[in-house]
Amino acid sequence: MGIFYPLLEIAWPCSCGLPCFVSIVTLRGEDESTGFVSIAMDNLEKPRGGRPRAFDPDRALDAAMHLFWEHGYEATSLTMLREAMGLTPPQIYNAFTDKETLFRKALELYHQTQIGFALEALSAPVSTGEAIRRLLLGAAEAYSRPGKPGGCLFVSGALATSPQAQAIADELKTYRKASEAAIAGRLAVGKAKGDLPEVFSVEGFAKYLAGTMNGMSIQARDGASVEELRDLAETALAALPSGGQKTSA
């Protein structure tokens, strides 16, 4: 009668992303092998019974957003995401496909939930100077908010990326360019209403304001206080001309 004798036992990652236990055995008689080989694979993380653990995708995405916001795209590992989101790798992939898709969804969530101050400032029925004042002072508050990562995810998400993450860097650049365009649009409205001089570079000053906000984000990442960020905002506001002046700014 043949007997199974183990030849090799190793741990190996399965296609599901979880470690599996691989046992290779051979069936042979008392004196020789019959040439039959059996391979058995067992998941090391077997379910404990009952239904699979349910999770709230919105809550998981919010946790991922804060993690990316704090550490950036490339520095955020799958292990960090798994722990923060409370999910297994298969659950993450089933819900969000891959890390890049998860990051893009996190950017969408950030846009929906964290930049309300900018949207409100630029759409408020106030003078151009007041709108820009609300924008910059709102950024000072938002970038240094207690309990939140410092700065802006659109700025810090991929300050330094490898060639493999160039698509992510381009995505963040698109968001920053959209913010700059929104500022330019508000300045153009102000110029048309006479809030700004006729000779005024809307695009140039929009770049200046966007650059100021990007700098405020980096300063906040470095630990600048809300008071220090407000000082930066006030300095930038001093450069905003009032209507009727002749300038080529």
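- The CG atom of Leu87 sits 5.5 Å away from the CD1 atom of Ile92 when rounded to the nearest 0.5 Å.
- The pair Glu203-Lys207 does not count as a salt bridge, with every side-chain nitrogen at least 4.0 angstrom from each carboxylate oxygen.
- When atom types are taken as modelled, the side chain of Thr97 and the backbone of Tyr93 share no donor-acceptor pair closer than 3.5 angstrom.
- Although no hydrogens or angles enter the test, the distance criterion places no donor-acceptor pair under 3.5 Å between the side chain of Lys148 and the main chain of Trp69.
- Arg221 places a side-chain N or O within donor-acceptor distance of the main-chain N or O of Glu70, the cut-off being under 3.5 Å.
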### Message
Using side-chain contact (heavy atoms from CB on, under 4.5 Å), reason through Arg176 and Leu172 one step at a time and then give a plain yes or no.
### Response
CA-CA 6 Å; Arg176 293 194 298 271; Leu172 290 167; 3.6 Å; yes
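- Distance CZ/Arg145 to CZ/Phe117: 8.0 Å, rounded to 0.5 Å.
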#### Entry: Glu130 and Arg134: CA distance, side-chain angles, deciding distance, salt bridge (charged side-chain N to carboxylate O under 4.0 Å, His left out) verdict
CA-CA 6 Å; Glu130 175 62 15; Arg134 293 184 184 187; 2.9 Å; yes
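- A 4.5 Å side-chain heavy-atom check between Asp195 and Phe200 finds every atom pair outside the cut-off.
- Shortest non-hydrogen contact noted between Ser144 and Leu229 is CB-CD1, 4.0 Å.
- Considering CE of Met85 and CG of Leu102, their distance stands at 5.0 Å, rounded to 0.5 Å.
- For Arg59, the CZ atom sits in a loose shell: 12 or fewer heavy atoms of surrounding residues, nucleotides or ligands are nearer than 6.0 Å.
- With a 6.0 Å cutoff to the six-membered ring centre and a 45° limit on the axis angle, Lys177 does not count as a cation-pi contact of Phe154.
- If you chain together hydrophobic residues whose side chains sit under 4.5 Å apart, Met216 and Val226 never meet in one group.
- Leu240 and Val189 sit in two unconnected hydrophobic clusters of ILVMFWY residues. Membership requires side-chain heavy atoms under 4.5 Å apart, directly or through other members.
- A distance of 11.0 Å separates CG in Asp62 from CG in Leu67, rounded to the nearest 0.5 Å.
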### Query
Does the pair Gln166 and Asp170 meet the rule for a side-chain contact (heavy atoms from CB on, under 4.5 Å), with working shown?
CA-CA 6 Å; Gln166 186 58 47; Asp170 292 341; 2.9 Å; yes
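- A distance of 6.5 Å separates CD1 of Ile183 from CD1 of Ile132, quoted to the nearest 0.5 Å.
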### Query
When you look at Asn214 and Ser217, which way does the side chain to side chain donor-acceptor pair (under 3.5 Å) test go after all the steps?
CA-CA 5 Å; Asn214 293 344; Ser217 174; over 6 Å; no
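- Lys193 places no side-chain N or O within 3.5 Å of a backbone atom of Ser127 that could act as its donor or acceptor partner.
- Hydrophobic clustering (ILVMFWY, side-chain heavy atoms < 4.5 Å, transitive): Tyr208 and Leu137 are in distinct clusters.
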### Task
Begin with the C-alpha distance, continue with both residues' side-chain angles, and end with the deciding distance and a verdict on side-chain contact (heavy atoms from CB on, under 4.5 Å) for Ser162 and Glu74.
CA-CA 8 Å; Ser162 66; Glu74 288 196 302; 2.5 Å; yes
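- In the hydrophobic clustering of ILVMFWY residues, with side-chain heavy atoms under 4.5 Å counting as a link, Leu61 and Ile168 come out together.
- At least one side-chain heavy atom of Leu187 sits less than 4.5 Å from a side-chain heavy atom of Leu209.
- A chain of hydrophobic side-chain contacts below 4.5 Å, direct or via other Ile, Leu, Val, Met, Phe, Trp or Tyr residues, connects Val202 to Leu196.
- Under the 4.5 Å side-chain criterion, counting only non-hydrogen atoms from C-beta, Met65 is not in contact with Lys105.
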### Query
Step by step, would you call Gln114 with Leu153 a side-chain contact (heavy atoms from CB on, under 4.5 Å)?
CA-CA 9 Å; Gln114 302 298 322; Leu153 175 58; over 6 Å; no
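- Looking at Met213 and Tyr143, their side chains come closer than 4.5 Å, going by heavy atoms from C-beta outward.
- We find that Glu141 and Arg230 are joined by a salt bridge, their nearest charged nitrogen and carboxylate oxygen being less than 4.0 Å apart.
- Between the side chain of Lys191 and the main chain of Glu198, a donor-acceptor pair closer than 3.5 Å is present.
- Taking 4.5 Å as the limit, every side-chain heavy atom of Phe68 sits out of range of all side-chain heavy atoms of Leu107.
- In this structure, the separation between CG on Leu109 and NE2 on His66 is 8.5 Å, given to the nearest 0.5 Å.
- With salt bridges taken as basic N to acidic carboxylate O contacts below 4.0 Å, one links Arg104 and Glu100.
- Of all heavy-atom pairs spanning Gly223 and Glu228, the tightest one is O-OE1, 4.5 Å.
- Gln91 has its side chain out of reach of Phe96: every pair of non-hydrogen atoms, C-beta onward, lies at least 4.5 Å apart.
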